[in-house]
Number of protein chains: 2
Amino acid sequence: MKKTSLNDIALHLGVSKTLVSFVLNGKGKEFRISEEICKKVLAVSKELNYQPNRIAQGLRTGRTNTIGLIIADIANPFFGILGREIEQEAAKFGYRVIFCSSDENPEKSRQQIEMLQQSQVDGYIISPPKDSEDQIRALALGNVPLVLIDRFFPEIECNQITVDNFDAAYRATNHLLRMGRKRIANITVNLDLINMNQRTEGYKQALRDSGHRVEESLIKVLPFSHENKEVAKAVKDLVTKNSQNKVDAILFSTSKLGINGIESISALGLKIPDDIAIVSFDNPDAYKICVSPVTVVNQPLKEIGKTAVQILLGEIKHPDNHAKIQKIILKTDLIIRKSCGS
Amino acid sequence: MKKTSLNDIALHLGVSKTLVSFVLNGKGKEFRISEEICKKVLAVSKELNYQPNRIAQGLRTGRTNTIGLIIADIANPFFGILGREIEQEAAKFGYRVIFCSSDENPEKSRQQIEMLQQSQVDGYIISPPKDSEDQIRALALGNVPLVLIDRFFPEIECNQITVDNFDAAYRATNHLLRMGRKRIANITVNLDLINMNQRTEGYKQALRDSGHRVEESLIKVLPFSHENKEVAKAVKDLVTKNSQNKVDAILFSTSKLGINGIESISALGLKIPDDIAIVSFDNPDAYKICVSPVTVVNQPLKEIGKTAVQILLGEIKHPDNHAKIQKIILKTDLIIRKSCGS
DNA sequence: TTGAATTACTAAATCGTTTTAGCAAAAATA
DNA sequence: TATTTTTGCTAAAACGATTTAGTAATTCAA
């Protein structure tokens with residue numbers, strides 16, 4: 001059951017495939033193909049269920065209508081929602097998306113970028129892992145449509161869409177202070193990622209601005225791929241009564257940390273917010289139904305995804321004016337629930 | 001900065017592109033290309049950073065090394081984890097994945113299948129929405145590598161990987177009965193989906209086998225795209241004191257229902273498991289940290305994803321023996337937490 | 001009534017691979 | 001020495017579209 005090609009339609013009607021191509025691309029008028037023939041072509045193409053071969057089109061035109069997406073992990077709802085939005089917005093304009101999960105591993109992302117290059121994608125949306133500057137720089141210099149999301153590298157000039165992480169953490173920390181918390185910890189991952197770094201800087205600044213001392217021992221930095229027990233260990237050190245690091249609040253920089261953290265806190269028999277207050281970045285379902293619903297920094301995921309696609313498609317369609325690089329910083333909102341007391 | 005092609009390497013060395021193609025495909029020996037030339041080709045290809053154009057390869061060979069995936073919604077962690085596993089297993093064998101979220105909408109899935117056909121994907125992994133029989137049948141008859149996951153259509157002969165939903169619901173319901181619950185409801189979606197249907201059938205059979213009557217008014221069927229308040233309404237009818245439908249346990253057929261349901265139950269000021277016991281299908285993070293950690297039917301998502309890819313690649317590589325269709329039914333496990341009492 | 005313009009189309013090149021068929025030179029065999 | 005075999009390579013077609021440059025037939029203008 002071979003697929004119908006342009007040529008099949010042409011043979012069927014005794015015309016050239018040039019003509020068929022013109023008609024099916026809506027250029028019948030432009031190339032003065034007679035009404036009558038146009039209709040016949042359309043009819044036969046429907047009759048034979050013609051489906052254009054996008055691969056052949058891609059080879060000829062150099063455009064595949066495909067974009068490559070590299071994120072940390074599509075199974076993580078944060079990226080799931082982002083990916084969903086990107087897929088949807090891209091589909092609106094006739095673009096498909098090849099999804100790649102890098103696991104924050106630069107070697108994987110290198111391979112994925114290479115694969116996407118070979119696949120001749122028209123552009124890239126990437127949430128770059130640490131130590132991937134070289135890859136990103138090479139892409140950016142290669143003059144390929146590219147948008148970074150969630151993080152970026154300050155020294156690379158490139159379209160990017162992020163949230164104001166510093167501000168978000170600053171406000172979250174301030175909220176904890178306003179609620180009367182005196183000693184606040186921060187559990188985070190991998191400070192080589194600029195977004196994470198900015199979160200911790202915002203946290204520090206809020207402490208300083210309110211006259212508190214920043215205690216490095218209250219900042220727990222875990223590796224990206226952390227296990228439940230590593231979070232448990234960090235939490236334990238921060239909440240047990242006789243620990244010299246005993247705190248009354250924790251700011252979690254990711255929801256994965258927060259979810260594991262809440263599990264640990266519960267396991268230790270402590271109550272939120274009575275024994276310890278918490279605020280977390282990101283807004284998974286889990287936080288709505290847990291013992292004490294969690295106050296969160298909510299990121300505008302839909303807007304990030306949608307804007308990323310729009311900027312990317314803009315670049316794809318007008319490759320010329322790559323002069324105006326866009327660096328978009330979106331605002332987050334703090335959703336106040338019960339985990340900080342009242 | 002044009003990309004290096006086979007021809008560029010050939011010109012650079014003064015040899016034919018045929019030769020270059022042979023060498024780079026590891027067929028130097030087979031076609032008796034001299035060691036010396038082989039080395040030179042390899043060297044120049046590295047020097048010019050040659051990246052094969054997979055689009056051109058695809059056009060020539062008819063194989064794109066790409067698979068199309070259609071699921072309900074990649075933002076839903078259930079499908080996120082599944083998608084992740086599929087991406088990972090496919091990558092192992094050099095295959096890329098185009099992700100499509102159908103929102104359980106047959107018209108969307110129709111368009112997506114068409115798009116994937118045009119993209120010349122080598123095979124399909126699909127979680128088919130209701131009313132998409134015709135599309136699936138057409139694919140299956142078209143003799144294209146295809147694997148269905150999560151659901152299927154009984155009347156279509158096709159590879160499929162599902163879990164034993166009947167058995168899972170039967171055991172879940174039995175667990176509730178063993179824990180002393182007398183009146184058990186089921187909140188579910190869209191019984192036109194066979195997996196959902198089987199869950200409710202398993203629930204009914206468990207009731208019958210233990211001498212209970214099946215009360216249709218205790219089975220709440222919501223539309224697939226339900227709002228929080230629709231769940232709230234169903235829950236309210238089942239748990240309020242003076243309702244004639246008052247139950248002491250609910251089996252949720254999806255985690256989306258369960259999460260919304262727990263929110264509603266809390267909002268009504270009721271306690272789990274004291275006032276009402278619950279069991280839910282699927283195992284999102286939320287269930288681990290909520291007021292009373294939820295007993296769940298856990299599906300082997302990784303195995304589903306991995307097996308789907310393996311069967312699909314088997315079909316892609318041996319298109320001939322499509323005679324042996326595989327219908328795999330995996331077991332679920334019931335993870336007992338605190339939501340049913342003790 | 002001739003030259004120009006318009007109409008309605010087509011031939012052929014091209015994109016970057018793969019793959020078949022074949023060729024010239026060297027080596028082996030008779 | 002003549003023939004066959006082997007070695008080491010190449011030309012060209014093909015995949016299915018797009019696109020440029022053209023051409024023959026008709027109509028129009030002067």
Quick one: ring pair (Phe, Tyr, Trp, His ring centres under 6.0 Å) partners of A:Phe22, sequence neighbours excluded?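 Ring pair (Phe, Tyr, Trp, His ring centres under 6.0 Å) check on A:Phe22 returns A:Phe31.
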State, without any angle test, whether [X] and [Y] hold a side-chain donor-acceptor pair at a distance under 3.5 Å.
X	Y	answer
A:Gln135	A:Arg110	no
A:Ser101	B:Glu87	yes
B:Asn159	B:Glu315	yes
B:Gln57	B:Arg60	no

For [X] and [N], what is the distance between atoms [atom1] and [atom2] respectively, to the nearest whole Å?
X	N	atom1	atom2	answer
B:Asn53	D:dC15	CG	P	18 Å
B:Leu59	D:dA14	CG	P	13 Å
A:Gln120	D:dA17	CD	P	19 Å
A:Leu6	D:dA14	CG	C1'	16 Å
A:Arg63	D:dG16	CZ	P	23 Å
B:Lys29	D:dT7	NZ	C1'	14 Å
A:Leu48	D:dG16	CG	P	14 Å
A:Lys3	D:dC15	NZ	C1'	12 Å

Tell me what B:Gly28 touches on the nucleic acid: a base, only sugar-phosphate, or nothing, going by heavy atoms under 4.0 Å. nothing
Identify each donor-acceptor pair in which a side-chain atom of residues 33-44 of chain A lies under 3.5 Å from a protein atom, sequence neighbours left out, and give them as a table.
from: A:Ser34; atom 1: OG; to: A:Ile37; atom 2: N; distance (Å): 3.4
from: A:Glu35; atom 1: OE2; to: A:Lys29; atom 2: NZ; distance (Å): 3.4

Under 4.0 Å between a side-chain nitrogen and a carboxylate oxygen: does that hold for B:Asp103 and A:Arg84? yes
Quick one: how far along DNA chain C does chain A reach, first to last nucleotide 5' to 3', anything under 4.0 Å to a heavy atom?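 Boundary nucleotides touching chain A, in 5' to 3' order, are C:dT7 to C:dG16.
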Within the sub-3.5 Å range, which N or O atoms of nucleotides 19-22 of chain D have a protein N or O partner, and how far apart are they?
from: D:dT19; atom 1: OP2; to: A:Lys27; atom 2: NZ; distance (Å): 3.4
from: D:dT19; atom 1: O4; to: A:Thr18; atom 2: OG1; distance (Å): 3.1

Would you give the length of the straight line joining atom CG of A:Leu148 to atom CD1 of A:Ile156, rounded to the nearest 0.5 angstrom? 7.5 Å
Rounded to the nearest 0.5 Å, how far does CD1 of A:Ile136 lie from CD of A:Glu155? 11.5 Å
Should B:Leu13 and B:Leu19 count as side-chain neighbours, where that means a heavy-atom distance under 4.5 Å? no
Under a 4.0 Å heavy-atom cutoff, the residues of residues 34-44 of chain B touching DNA chain D are B:Ser34, B:Ile37
A:Gln57 vs D:dT18: side-chain N/O to OP1/OP2 distance below 4.0 Å: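 Answer yes for this pair, as a side-chain N or O of A:Gln57 is under 4.0 Å from OP1 or OP2.
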Can you name the residues that form a salt bridge (Lys or Arg N to Asp or Glu O under 4.0 Å) with B:Arg96, not counting sequence neighbours? none
